[in-house]
*Asks:* 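If you scroll down you'll find the structure; I have some questions about it.
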2 protein chains.
Amino acid sequence: MARKPADQSVSRDEILVAAAEVLQRNGYEAATMKDIAAAVNLTAASLYHHFRNKDTLMLAVLEAGLSHIMGRIEPIAHDTKVPSAIRLRRMIAEHIIGLTQNTAVGAAMVFEIRTLMTFRLPVGDALSIQEQEFAARRDAFFARRDEFELLFRHVIRQGIDSGEFRPVDVPIFTKTLLGAHNWVGVWYKPNGRLDGAGIAERTADYFLAALRQNEPQG
Amino acid sequence: MARKPADQSVSRDEILVAAAEVLQRNGYEAATMKDIAAAVNLTAASLYHHFRNKDTLMLAVLEAGLSHIMGRIEPIAHDTKVPSAIRLRRMIAEHIIGLTQNTAVGAAMVFEIRTLMTFRLPVGDALSIQEQEFAARRDAFFARRDEFELLFRHVIRQGIDSGEFRPVDVPIFTKTLLGAHNWVGVWYKPNGRLDGAGIAERTADYFLAALRQNEPQG
DNA sequence: ATTATAATCAAATACGGGTTTGATTGTTCG
DNA sequence: CGAACAATCAAACCCGTATTTGATTATAAT
């Protein structure tokens, strides 16, 4: 039925990896299908065999990136036998190290999100089937992104309830935390003073300090 | 020599404001000169009377935004009679409130920065005069942006030196702080549960808690 | 008034890039 | 083998958009 990937043929995943890199370098609009295709030794036309269009391709990049990081953080978040402080520290480390290891996806998650957010679906006219599918996938992506945020919220909430953490405004604290993380994906450069682990360690230190109960002073 | 702005004529500043809004809605590449022009009841061609080209226009938007926020934060940072903790709290508030008051510029400062960063100046060929000017302005913008970050670094450094704050990795702490701020410009929506002041208050609370000296416990 | 220039627009230009089409080649399965 | 389909490309299509050009009008300075 289907042919097995031969020497010359390029897998969907390879395209996604290459596309993420091109997106990081250029941004969505500036990244041409030709650029992305060239990164895997294809022509632009060939990409349309794998993806319906450019939008779908970018969405697939974001989906893959989110799935990957979710897969790594979800187990940590759900390991409720571990104290919240330790879980949170591990989640922070995993997230930041993940972002620094794959800066392409890290930057895409920050910058290209807006391309999705501001997506101009034709208003007034009825949506074509393709457009409906795309809108649904986009919505699903954002839902999954909310779930990701909830992982952090829950751990913080649990820490507060258990008395490990002082009470904070959980939504705001979480957005503060994730904003700091995302920004790492923007400024991080390999060969800097610190590697991902070093940045993660310090970041976790600061946020856990912010959550620490105020011991009676004296 | 020059005519006074008449009823019909549009000022450079009005264009910048409108452009910021269009940029926020659509992003740099998706925002057309026609869109921006329409926002001030002009044609695309007329914009070229005010700005050399699209790149220059966007850079001017960012410059104006950065100048505005710098102007508000610099005096606070330099008021060294005030304790570092209070100064930092005020700077955080000013920054976040500023971002929430002008979400257009706030989002542009996050998203369009990359457009500048990844700017493809023709390599190999000699740069034209225009390109040289643009490159210089872009560099100046980033330098000014570094200065902005330094305002925060210095206050934190001073707080550590004076013993108000515990020792932290100042560059990382600052990037963490500013990342959280920038992210506010992305997720903030008017009519949410909290206004800018509420978000600012909580954010400052968390970061100052992270800087608090650990009192001997017990 | 006359001149210079600020501010504007309509129309033309130039060109890049997303997408489609149609053909070709190989592979797998029955 | 032969049918079906996966994977690819060259070439064409189409359209949008940044930018230029040339003309027009209003204002300010002399």
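In this text, all values refer to a predicted model and were calculated from it rather than measured experimentally. Throughout, protein chains are lettered first and strands after them, A, B, ... in sequence-line order, and every chain is numbered starting at 1. Computed from heavy atoms alone, side chains included, the values below leave out hydrogens, waters and symmetry copies.
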*Asks:* Quickly work out the A:L47 CG to D:dC9 P distance and round it to whole Å.
*Replies:* 9 Å
*Asks:* Would you say the ring centers of B:F173 and B:F207 fall short of 6.0 Å from each other?
*Replies:* yes
*Asks:* Tell me, please, which residues at least two apart from A:R89 pass salt bridge (Lys or Arg N to Asp or Glu O under 4.0 Å).
*Replies:* none
*Asks:* Could you tabulate the donor-acceptor pairs under 3.5 Å formed by side-chain atoms of residues 31-44 of chain B, not counting sequence neighbours?
*Replies:*
residue: B:T32; atom: OG1; partner: B:K34; partner atom: N; Å: 3.4
residue: B:T32; atom: OG1; partner: B:D35; partner atom: N; Å: 2.9
residue: B:T32; atom: OG1; partner: B:D35; partner atom: OD1; Å: 3.2
residue: B:T32; atom: OG1; partner: B:D35; partner atom: OD2; Å: 3.1
residue: B:D35; atom: OD2; partner: B:T32; partner atom: N; Å: 3.3
residue: B:T43; atom: OG1; partner: B:S46; partner atom: OG; Å: 3.2

*Asks:* Could you give the CZ-to-C1' distance, from B:F51 to C:dA7, as a whole number of Å?
*Replies:* 14 Å
*Asks:* Measure the shortest side-chain to side-chain distance between A:F142 and A:L116 over non-hydrogen atoms and say whether it is less than 4.5 angstrom.
*Replies:* yes
*Asks:* So how far off straight is the helix from C:dA1-D:dT30 to C:dG30-D:dC1, going by the axes through five pairs at either end, to 10°?
*Replies:* 20°
*Asks:* Which residue pairs pass the salt bridge (Lys or Arg N to Asp or Glu O under 4.0 Å) test with at least one member in residues 183-197 of chain A, sequence neighbours excluded?
*Replies:* A:R193-B:D169
*Asks:* Using the test ring-ring contact (aromatic ring centres under 6.0 Å, His included), find all partners of A:F148 that sit at least two apart in sequence or belong to another chain.
*Replies:* A:H95, A:F152
*Asks:* To the nearest angstrom, how far is B:R12 atom CZ from C:dA6 atom C1'?
*Replies:* 15 Å
*Asks:* Donor-acceptor pairs are to be reported for all side-chain atoms of residues 57-71 of chain B against protein atoms at under 3.5 Å, with residues two or more places apart or in another chain.
*Replies:*
residue: B:E63; atom: OE1; partner: B:R137; partner atom: NH2; Å: 2.7
residue: B:E63; atom: OE2; partner: B:R137; partner atom: NE; Å: 3.2
residue: B:S67; atom: OG; partner: B:E63; partner atom: O; Å: 3.3

*Asks:* Side-chain N or O of A:S46 less than 4.0 angstrom from OP1 or OP2 on D:dC9?
*Replies:* yes
*Asks:* Starting the side chain at C-beta, find the nucleotide from D:dA6, C:dA7, C:dC9 nearest to B:S9.
*Replies:* C:dA7
*Asks:* Please give, in whole Å, the distance from C:dG18 P to A:L57 CG?
*Replies:* 10 Å
*Asks:* Which pairs would a plain distance check flag for residues 72-81 of chain B, meaning a side-chain donor or acceptor within less than 3.5 Å of a matching protein atom at least two apart in sequence or in another chain?
*Replies:*
residue: B:R72; atom: NE; partner: B:E94; partner atom: OE2; Å: 2.6
residue: B:R72; atom: NH2; partner: B:E94; partner atom: OE2; Å: 2.5

*Asks:* Between atom CD1 in B:I15 and atom C1' in C:dA7, what is the gap in whole Å?
*Replies:* 10 Å
*Asks:* Tell me whether the side-chain N/O atoms of A:T43 come closer than 4.0 Å to OP1 or OP2 in D:dC9.
*Replies:* yes
*Asks:* Applying salt bridge (Lys or Arg N to Asp or Glu O under 4.0 Å), which residue pairs with at least one partner in residues 178-188 of chain B are found, sequence neighbours left out?
*Replies:* none
*Asks:* Within the pair B:H49 and C:dT8, is there a side-chain N or O less than 4.0 Å away from OP1 or OP2?
*Replies:* no
*Asks:* Identify all pairs in which a protein N or O lies below 3.5 Å from an N or O of nucleotides 16-19 of chain D, and state each distance.
*Replies:*
residue: D:dA18; atom: OP1; partner: B:K54; partner atom: NZ; Å: 3.1
residue: D:dA18; atom: OP2; partner: B:M33; partner atom: N; Å: 2.9
residue: D:dT19; atom: OP2; partner: B:Y48; partner atom: OH; Å: 2.8
residue: D:dT19; atom: OP2; partner: B:K54; partner atom: N; Å: 2.9
residue: D:dT19; atom: O5'; partner: B:Y48; partner atom: OH; Å: 3.4

